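Comments concern the structure below.
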Amino acid sequence: MAAATTTTTAARVTAFAGGVLRYPRSIPSPASYFLKPFSASSCALRLSSRALSSPSAKGRRFYTCRAIYNPEVQIKGEGQPETLDYRVSPWHDVPLQLGDGVYNFIVEIPKESSAKMEVATDEPFTPIKQDTKKVFRYNINWNYGLLPQTWEDPSFANNEVDGAFGDNDPVDVVEIGERRGEIGEILKIKPLGALAMIDEGELDWKIVAISLDDPKAALVNDVDDVEKHFPGTLTAIRDWFRDYKIPDGKPANKFGLGNKAANKDYALKVIKETNESWAKLVKRSIPANDLSLV
């Protein structure tokens, strides 16, 4: 498996482009994965040549960190699953786009699970860990996680979605394939649509996507195909995210864009815009405040 990573310091957290952060058999139940230092080179912001040359990306510019392929690495585990010490990582160094309309998606919460695992954007190396402030009272029915190298800018008011400001997090993905992912696993996906969730006044995009490895992946290429081949799924996703806070005594979340899922082209626009916001963030053109940029 070809590993793609950019190391900036010792014990840089790593992730695998198009692969899986797997538990080595010699380490029982590891909770996070760290690279032994491979390179002292810094994470260079550049235009992705694959993104620019891809026909599907024509007219869109994506920013990414330079990737180093086939490094010699050693992996160690830290912490124990299902504890507050559990760590797996991801946000800044995993490439967003792989070309030909394919994107990397990092699983935070596997389908049919309820532990609210989330990237800690304010901690060095932004590990995935248990969110102690937000909980899921029941299982989520799809793989859930983030698009690396994206950021919903809290200073930007989206006039297309009731003037809501970004939620200061990477863009979320709901992956509808049949296989249950693993925490920290990176799946190659294609976006299919987008739901504009408004959570306590903040815009929190949900990109609906499917893993390229799913048996139905070739059948679905836009939001209308989801309804045809996964009937009821879009409504189920919207209703799940609308209602999941109600058991905690909070109001239901709202949705913009007519309460419906936007199509693939709109989803790609969201991804492009939030990737550009992330690029400004890591170049420090926008104040990072408490966010970790390493």
Side-chain angles (χ1 to χ4, degrees), residues 1-7 12-23 30-35 43 48 62-65 67 75 77 79 81 86-98 102-111 113 115-131 136 140 142-152 167-177 179-192 194 204-214 267 270-271 274-275 277-278 281-282 291-294:
M1 177 175 65
T5 184
T6 302
T7 53
R12 178 71 177 184
V13 177
T14 186
F16 289 77
V20 183
L21 295 178
R22 294 196 181 280
Y23 297 161
S32 62
Y33 299 83
F34 296 86
L35 269 185
C43 180
S48 170
F62 292 88
Y63 296 86
T64 185
C65 288
I75 301 173
Y86 193 25
R87 297 290 187 275
V88 181
S89 188
W91 184 20
H92 296 306
D93 291 339
V94 179
L96 167 63
Q97 206 220 23
L98 298 173
V102 179
Y103 296 80
N104 278 324
F105 156 61
I106 302 170
V107 178
E108 292 172 301
I109 306 173
K111 67 185 297 184
S113 66
K116 183 68 168 64
M117 305 299 294
E118 188 171 44
V119 163
T121 57
D122 59 349
E123 291 190 15
F125 311 122
T126 62
I128 297 173
K129 70 173 191 178
Q130 176 74 53
D131 186 339
F136 288 164
I140 190 168
W142 313 273
N143 291 314
Y144 185 64
L146 72 141
L147 285 175
Q149 299 183 345
T150 62
W151 178 58
E152 298 193 47
D167 71 349
N168 202 32
D169 281 327
V171 171
D172 297 326
V173 172
V174 183
E175 193 276 315
I176 62 174
R179 188 177 71 82
R180 184 179 189 271
E182 303 172 21
I183 298 174
E185 180 175 3
I186 299 180
L187 300 178
K188 295 179 181 179
I189 61 163
K190 56 180 175 181
L192 303 170
D204 187 2
W205 288 107
K206 307 299 180 188
I207 301 297
V208 179
I210 191 166
S211 170
L212 295 189
D213 294 332
D214 191 82
V270 169
I271 295 170
T274 54
N275 174 244
S277 294
W278 170 85
L281 177 69
V282 297
L291 298 176
S292 174
L293 300 182
V294 297

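Note that this is a predicted model, so its numbers are computed, not measured.
Exactly one of D169, N168, N275 qualifies for a side chain to side chain donor-acceptor pair (under 3.5 Å) with W151. That residue is N168. When each of V171, T150, T274 is tested with I207 by the rule side-chain contact (heavy atoms from CB on, under 4.5 Å), just one qualifies, namely V171. E118 pairs with exactly one of L146, D172, I109, D131 by the side-chain contact (heavy atoms from CB on, under 4.5 Å) rule, that one being D131.
Put simply, the side chain of I128 reaches to within 4.5 Å of the side chain of I106, judged on heavy atoms. A 4.5 Å side-chain heavy-atom check between N143 and R179 finds every atom pair outside the cut-off. L147 is listed as a side-chain neighbour of I189, based on a closest heavy-atom distance under 4.5 Å. The shortest distance between side-chain heavy atoms of V173 and V208 does not fall below 4.5 Å. Looking at heavy atoms from C-beta onward, P95 lies in side-chain contact with N104 at the 4.5 angstrom threshold. Annotation: side chain of V102 is not in contact with side chain of K190 (no heavy-atom distance under 4.5 Å). Between I271 and P191 the shortest side-chain heavy-atom distance falls below 4.5 Å. By the 4.5 Å heavy-atom criterion applied to side chains, E185 and I183 are not counted as neighbours.
D204 pairs by the salt bridge (charged side-chain N to carboxylate O under 4.0 Å, His left out) definition with K206, not counting sequence neighbours.
The closest donor-acceptor contact from the side chain of K188 to the backbone of L98 lies at 3.5 Å or more, if one exists at all.
Nearest heavy atoms, P90 versus P127: CD-CA, 4.3 Å.
In this structure, the separation between OG on S292 and NE2 on H92 is 5.5 Å, given to the nearest 0.5 Å. Taking CD from E108 and OG from S113, the interatomic distance works out to 11.0 Å, rounded to the nearest 0.5 Å. Rounded to the nearest 0.5 angstrom, L212 CG and D214 CG are separated by 9.5 Å. Distance NZ/K111 to CH2/W142: 9.5 Å, rounded to 0.5 Å. Here CZ of F105 is found 9.5 Å from OH of Y144. Values are rounded to the nearest 0.5 Å.
Side-chain contact check for W205 and D167: no donor-acceptor pair (N or O, by modelled atom type) lies under 3.5 Å.
R180 and E175 are not joined by a salt bridge, as no carboxylate oxygen comes within less than 4.0 angstrom of a charged side-chain nitrogen.
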